[in-house]
Structures are given as structure tokens and as C-alpha cells.
Q: 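Starting off with a structure, shown below.
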Amino acid sequence: MQTMRILQLHCDYIEFTPIRKEIKSAEEIDPAKMRLEEVVVAFVAVEEGDNSDVARRAIGEISQSMQKIGCNRLLLYPYAHLSSKLASPSTALSLIKEMQSLADGLEVHRAPFGWTKSYQLQVKGHPLAENSKTIMAGDEKESTSEALKAESKIQSYWHIMTPDGKMHDVGKFDFSKYKNLEVLAKYEAAKKRSVDEPPPHVKLMKKLAIADYEPASDAGNMRFFPNGRLIKSLIERYVTERVIEYGGFEVETPIMYDSHHPSMESYFNRFPARQYNVNSEGKHLFLRFAACFGQFLMAKDFHMSYKNLPLRLYELTRYSFRREQSGELVGLRRLRAFTMPDCHAMCKDMEQAKEEFRKRFDLSRSVIRGLGLDEADFEMAIRFTEEFYHENKALIEELVGKLGKPVLVEMWKERFFYFVLKWEFNYVDSLGKASALSTDQIDVENGKRYNIEFIDEENKPRFPIILHNSPSGAIERVMYVLLEKAAKDQKEGRKPSLPLWLAPTQVRVIPVRPEFMSFCEKLVDGLSQKDIRADLDDRNESVGKSIRDAETEWIRYIIVIGDKEVNAAKLSIRDRKSGTVKEWTADELVSEIKMETHGMPFFKLNMSRFVSKRPQIMV
RNA sequence: GCUUCGAUAGCUCAGCCUGGUAGAGCGUUACCUUGGUAAGGUAAAGGUCGCGGGAUCGAAUCCCGCUCGAAGCUCCA
């Protein structure tokens, strides 16, 4: 929650002397003693997320109360100690200056910002002399509290549903064969989640030069090195291709929206305010936290008949932004800026929505498998209102039956969210943290909210039912899962690796002596022309060292080139997966790789093909 | 916000308890080595030990304050 905190005191006098600068960005002023009499002193703490709007209303409230007590002189006194969630000094200073300039008809003074000051004041003894105010940021005030209030009223009933459609009490279910499901159930139902070590993928993402924290940005905004960018691009492309195959139409929508747009204002009632805010030319904008609004606003402007439905709009949002609390940001698991494939399907009625919902359930499962993730690593949770369950038991039982293992059920007495049914796949990592990946929802509310209409069979306008699906979940989170899986392999004594289609380098060529370099280059070129990511270790290192380095980079195929290979058709190809050296021709290697990466997207090597030319990114 | 941990070479870290103005490995550079499936050798360059203060003849090391970072908690419709 964002507020500006103000302690207001009506004083006979105040005297203050700036002593020394407390922060670097303190104002440059002449540190002279200052005395004011018959003055209202407003101690002001500007908090995170405060904006011009807050400043305007704060000064409004102050001048209103000053009128009541008949005082016309105001001292704005920056006072950080009123809050624990301070805004940055530059924001705070500019907002306090803004308050000063907005105070029409008052004599306003301002104590210097960023200085330790000694002060003395005498407060008057009348009832209105002391007053504290908390100014909330505009729309968020009501929406946040309303959303949170309503949220706390939700009554959830937790169960386990087995593939035969039977519901079991969570407390009595035998989890002995379903350890991860037990973790998820505890995680969700009991909200118990205590861990004291960093997740293993954080080390791996740095070591493999995939991604890193960017200290110059906000927390949770990562930078991706060439390797990471390549992996991300490939996953993005894969998911996009699969959604288009299913029937989605790819669109692109803005990343920021006007909070005062009528559709947004009511949408905010459904969300606790946790977005980045941007002020521009008097507009209060926020960065999107999902692709929903963009696609809804687009669909609203479409002329649609029932014959056009289901209409599937898809966007891969780079980025969506959610200002999660700093403490909950860990590696790639949870970010403030993330890439989210988001596909909405507008359906003409519940029958069509259910049919579409089934399709997308299959799509999501297949995408997850395609990404190299095993369904055994996932636990499904399905959530619905009691009413929906009684009317649509068959659908729910069908989905659970299809998955073929018990799932966690959350049933709500009443509908609070915009959806009546939702499922998601959760990955449970080695530390017992559960993270959602794929998800789909049946939304019965936003068609109307966004005034999306279609003309039905009777030539009447109607609002569609909207499905919200992310077949893979956030791309960064997919990377997190792949790395966590690899870390688990490593811990259990297996070789960690990425799927071959995602490997930044698929084939490394190592010459025994520099004289074989040109042969190696030709080999690398030949492989590259066949759309294989191959590179050449041209450093002056021993063969042993070069192989070791290739191993630590998790490179699948290593080809050592010496006299033998230059003079024969066969190559010595080390396959990291089996740990054996194979005698193959280049063509045999190509078809082997093609077979394993069949149907997956390809991008060219995203680094110099000469290892010696690469900057060192991490140890 | 709370709890814990950390800040020393480009990177990863040791040294701190028991004070005597800096060490290793990796990386980089040069030279030697011409190698056959997980680390060839030698050498060089490279650091106001996060900032400020205190006690001490003397501080990376002890004490106090601060800043920044990380992880965990809270949170995660």
C-alpha cells in the first residue's frame, strides 16, 4: 500500500539548524539557522509509489485544516522516520517541491531535504494543533482495500481428487506415493513455506552465462547474456508456434495503460495494486501485469458474430510487470519483469468454452512435454466455485482423469475472482517451493466489463465467455524449472544438461594441434550450414583442458580433430549424454542431432564461433 | 518491515577468533609445450581490504555507526 504520511503540528514557533548532509543527494543549501513563528509544521514522509496525485491531495488536506485553525504559514519538513517504506530521495524531494508549488494562498517554507537538522518547537495547546494524516495513492486506495477485504472473505475448501473423480479430505489422504502433491497441498492450503537456502538454479544461471541480476535496474529485472537470450528466444518461438498451430492469432499490445480508463478502473477492483506506475504529461499510467487488458480492448473493437467464435488472441508479453515484494524475488523463479505467453479465447457460450477448455488442457500438457519437462515433475491444482462444480462435474472429472494422478482441489463457496474454473500445473522444486506454470481459466466477467460483444444466432448482442491460458507459464520460469531439474540431476549424481535444442552450443570442435585449425573451421562451417550450433575451441590449450571446458559448459557433442580424422571419413565424436566416443561421419552426426531436435525451433549460434574471441562472462 | 549472512584482485573465495599495512584458485597477458577425450609448465600484471568514526605504538582483523547486496520470513488474485 502506498501512502504519504504527514504529522501536522500547529506551533508557536519552530527553530531548526541543518547540521550535516545525511544522504548524497541532499540539497545544496546554506546551513543557516531558521526560525518561524505562528506556523503549521508538516512533517512529511513520502513513501514508495507516491505520485503527483498524492502530493496534490496531501497539500489540499493540509490547507483545508489550516483554514480551520486560521493559520496561513506552513513549513514542509521532510521527515523520513514516519515510514519504513520510503520513496527514493529524488522522488520524495520532487514531490515535496510539488506540494510547495501547489499550495495556493499559503506562505510556504520548506526545510532542506537530506540533512540532519537540530530543531526546537513549541506546539500550541488546542485540540486541532496536533494531527496526523495518511494520504493514499488515488485509485489504489479503494481498489486495494476492497480487493483485499474481499479476498480475506473467500472461503476455501481443500480436497484431493483422484483420477476416478472421487474427492478426498486433504487431511485424510494418503500422500505416501505422492510426495510432491503433499508439498503442494501444504504449500497452498496451510500456507506453510519455510526454506533457508538459495535455490540451486541461481548459481547455474550465472555459471552457464545465462542470466544475472542487474544492480542498476530494479530488483527482479534480469539481464540475459547471449546464451540466456538464445535459450529464451527458442522457448518463446516454440510456445508461439504451438499456440498458432492450435489456432491462436498473434497480436501485440501496449505495455502501459491509463489507470483512469473506465475499463481499467473497475478491473483494478479485482487486483491488489502491485504494478509499476508511470506518470507522463499528467497521465497516470501503469505497466501491464498481464496481456488481458490489451487483448480485451482490442477485441472490444472487433465486430464479431458467433460464427467467428471461438476467437483466440495470443501475445507473448515481453514484458509483463508485477512489482512483487523485494523479498520474494529469487533468481528466475519470480521476477518483476517477465515474459508471459497469454492466449485468450472468446467463446459464445459455456458449452463452447468447455470444449475449448479441453483443447487447451491438451495443448498445455503437450507444450510442457515438448519443453523437456516431465509430467511426473508437475502437480496439478484445480479450483472452482461450488456452483460450477455441481453443474459441471463431468468436465472436471474428465480433466483429472486424463492427467491420471491425484490433484489438489480448491473449492470456493462463492465466486470472488472473475473466473469460475481454473487449473494450473505446479513445479515443486527440491526446496519444496511450488511455482505455477501452465494455467487456464474460465472467465465469466470480463466480457461484460470490457464491453466485448458478438452477435448471436438470434441476431442479439451478447458477451463472450473468455478463457485465459498460458500454455507454458512465464518463459523465465520455464528456464528456472529446466535449471532446477538439471541441478537435481547433478545432486543425484547424474550429468546435468539442457535439452539439445536449447543448448547454446550443440557441437564443439577441438583441434589436437593448431595445424588442423582450417580443417576444423570447415567442419564447423559445414555443420552451421545444416543449422547446427557448432563452434571451435581455437585457444592454445591442451586437448584435455579443452574437453574439460566443453564438459563444464554442458556441450553435448565434442569432436576432437587430429591426423586420424583429417585423413579419414569418420570423426571421433564424444557424446556427453552416454559418455562414449562414437565413430561417425559428419552426416551421421547431423542426422542424429536432427532426429533429436525434430520439430523444435532453431536459431544460429549467438556468440563468436571462435572460443578465443569470446569475452569471459562468468567463472 | 523482521531474521540471518555477506562486502578483500576482473571472478570465486581464504586471512579476522589469537592485531604487526595482503594470499590462493580461476581468468587475463607473455613465453615454453604440439598435445588424442575432464585441468601441461614457467612467469608477469592486477587490491586505499564497502564507507565513516573509536580505542591501540600499530587495524582487513577489535568496538560503534552507516551504506550496499543476498537468502529466508511476510507475500505470491
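Because the structure is predicted, anything quoted here is derived from the model rather than measured. In what follows, chains carry the letters A, B, and so on, assigned in the order in which the sequence lines appear, proteins first and then strands, with residues in each chain numbered from 1.
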Q: Would you indicate what A:I547 reaches in the nucleic acid, counting non-hydrogen atoms under 4.0 angstrom: base, sugar-phosphate, or nothing?
A: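 Base contact.
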
Q: If I take atom CZ in residue A:R539 and atom P in nucleotide B:rG40, what distance separates them, rounded to the nearest angstrom?
A: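 Distance, rounded to whole Å: 10 Å.
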
Q: Over how many whole Å does the gap from A:E551 atom CD to B:rA38 atom P extend?
A: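 So the CD-P distance, A:E551 to B:rA38, works out to 8 Å.
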
Q: Which label fits A:H468 and A:Y418: parallel for a plane angle under 30°, tilted from 30 to 60°, or perpendicular past 60°?
A: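 Parallel, since the angle between the ring planes stays under 30°.
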
Q: Among A:S470, A:P471, A:C343, which residue satisfies the side-chain contact (heavy atoms from CB on, under 4.5 Å) criterion with A:R360?
A: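 The residue from A:S470, A:P471, A:C343 that satisfies side-chain contact (heavy atoms from CB on, under 4.5 Å) with A:R360 turns out to be A:C343.
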
Q: Can you tell me which nucleotide in B:rC75, B:rA38, B:rG36 comes closest to the side chain of A:T552?
A: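 The answer is B:rA38.
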
Q: Looking only at atom P, what distance separates B:rC31 and B:rG69, rounded to whole Å?
A: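 Here B:rC31 and B:rG69 have their P atoms 43 Å from each other.
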
Q: Rounding to the closest angstrom, what is the interatomic distance between B:rA39 and B:rA45 at atom C1'?
A: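 B:rA39 and B:rA45 have their C1' atoms separated by 23 Å.
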
Q: For atom CD of A:E387, decide whether the heavy atoms of other residues, nucleotides or ligands shown that lie under 6.0 angstrom number more than 12.
A: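 Incorrect, the count does not exceed 12.
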
Q: Which nucleotides of nucleotides 30-35 of chain B have their base under 4.0 Å from a protein heavy atom (B), which only their sugar-phosphate (S), and which neither (-), written as one string 5' to 3'?
A: --BBBB

Q: Whole angstrom is fine here: how far is it from NZ in A:K613 over to P in B:rG27?
A: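 Atom NZ in A:K613 sits about 20 Å away from atom P in B:rG27.
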
Q: Once you apply the 3.5 Å cut-off to both distances, tell me the Watson-Crick or G-U wobble partner of B:rC66, or none.
A: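 In the structure as shown, B:rC66 has B:rG50 as its Watson-Crick or wobble partner.
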
Q: Between B:rC11 and B:rG47, how far is it from one C1' atom to the other, in whole Å?
A: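 It comes out at 14 Å once rounded to the nearest Å.
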
Q: B:rU37 P sits how many Å from A:Y557 OH, rounded?
A: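 That distance rounds to 20 Å.
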
Q: If we call it a pair only when both distances are under 3.5 Å in a Watson-Crick or G-U wobble match, what pairs with B:rG25?
A: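 By the stated definition (distances under 3.5 Å), B:rC11 pairs with B:rG25.
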
Q: Expressed in whole Å, how much space separates the P atoms belonging to B:rG1 and B:rA60?
A: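 Taking atom P in both B:rG1 and B:rA60, they lie 32 Å apart.
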
Q: Suppose you measure atom P in B:rA7 against the same atom in B:rC17; what distance do you get, rounded to whole Å?
A: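 Result for the P pair: 15 Å, nearest Å.
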
Q: Whole Å only: how far is the CD atom of A:E553 from the P atom of B:rA38?
A: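 Atom-to-atom, A:E553 to B:rA38, this comes out as 16 Å.
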
Q: Roughly, in whole Å, what's the span from NZ in A:K582 to C1' in B:rU37?
A: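 Rounded to whole Å, this separation is 14 Å.
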
Q: Who does B:rG58 pair with, Watson-Crick or G-U, both distances under 3.5 Å?
A: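 WC or wobble partner does not exist here.
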
Q: Taking any strand in view, what nucleotide pairs with B:rC2 in a Watson-Crick or G-U wobble way, both distances under 3.5 Å?
A: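 With both distances under 3.5 Å, B:rC2 matches B:rG72.
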
Q: Show which side-chain atoms of residues 566-574 of chain A pair as donor or acceptor with protein atoms under 3.5 Å away, not counting sequence neighbours.
A:
unit_1, atom_1, unit_2, atom_2, d
A:N567, ND2, A:D563, O, 2.9
A:S572, OG, A:E565, OE2, 2.7
A:R574, NE, A:E551, OE2, 3.0
A:R574, NH2, A:E551, OE2, 2.8

Q: If you define the side chain from C-beta out and look only at heavy atoms, does anything of A:F388 sit under 4.5 Å from A:I396?
A: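 Side chain of A:F388 against side chain of A:I396, heavy atoms only: contact under 4.5 Å found.
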
Q: Identify which nucleotide among B:rG72, B:rA38, B:rG36 has an atom closest to any side-chain atom of A:R548, counting heavy atoms from C-beta outward.
A: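 Of all the options, the side chain of A:R548 is nearest to B:rA38.
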
Q: Tell me: CG of A:D549 to C1' of B:rA39, nearest whole Å?
A: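 Interatomic distance, CG of A:D549 to C1' of B:rA39: 8 Å.
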
Q: Need one value for A:S546: base, sugar-phosphate or nothing, where a base atom within 4.0 Å counts as base even if backbone is also close, heavy atoms only.
A: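 Nothing, no heavy atom under 4.0 Å.
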
Q: B:rA38 pairs with which nucleotide, Watson-Crick or G-U wobble, both distances below 3.5 Å?
A: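 Looking at the geometry, B:rA38 pairs with no nucleotide.
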
Q: It should be established whether A:K545 places a side-chain nitrogen or oxygen under 4.0 Å from OP1 or OP2 of nucleotide B:rG27.
A: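 Yes, because at least one side-chain N or O of A:K545 sits under 4.0 Å from OP1 or OP2 of B:rG27.
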
Q: Have a look at A:E565 and say if it touches a base, only the backbone sugar-phosphate, or nothing, with a 4.0 Å heavy-atom cut-off.
A: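 Since a base atom lies under 4.0 Å of A:E565, the category is base.
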
Q: When you check the gap from the basic side-chain N to the acidic O, do A:D549 and A:R539 get nearer than 4.0 Å?
A: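 The answer is yes: the pair qualifies as a salt bridge.
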
Q: Using atom C1' in both nucleotides, what's the gap between B:rU48 and B:rA59 to the nearest angstrom?
A: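 Nearest-Å result for B:rU48 against B:rA59 at atom C1': 14 Å.
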
Q: Taking atom C1' in both B:rC5 and B:rG20, compute the distance separating them and give it to the nearest angstrom.
A: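 Pairwise C1' distance, B:rC5 against B:rG20, rounds to 30 Å.
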
Q: With both distances under 3.5 angstrom, what nucleotide forms a Watson-Crick or G-U wobble pair with B:rC16?
A: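 Result: none.
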
Q: Rounded to whole angstrom, note down the C1' distance from B:rA22 over to B:rA14.
A: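 One C1' to the other, the span is 11 Å.
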
Q: What contact category does A:K422 fall into here, base, sugar-phosphate, or nothing, at under 4.0 angstrom with non-hydrogen atoms?
A: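 Counting heavy atoms under 4.0 Å across all strands, the contact made by A:K422 includes a base.
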
Q: Once you round it to whole Å, what is the distance between P of B:rG25 and NZ of A:K207?
A: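 The distance from NZ of A:K207 to P of B:rG25 comes to 21 Å, rounded to the nearest Å.
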
Q: Ion pair present between A:E592 and A:K582, side-chain N to carboxylate O less than 4.0 angstrom?
A: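 Looking at A:E592 and A:K582, the cut-off is not met.
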
Q: Is any side-chain N of the basic residue among A:K488 and A:E484 closer than 4.0 Å to the acidic one's carboxylate O?
A: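 Here A:K488 does not pair with A:E484 in a salt bridge, since their nearest N and O are not under 4.0 Å apart.
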
Q: Taking only Lys NZ, Arg NE, NH1 and NH2, and the carboxylate oxygens of Asp or Glu, determine whether A:R556 and A:D575 approach each other closer than 4.0 Å.
A: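 Salt bridge: yes.
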
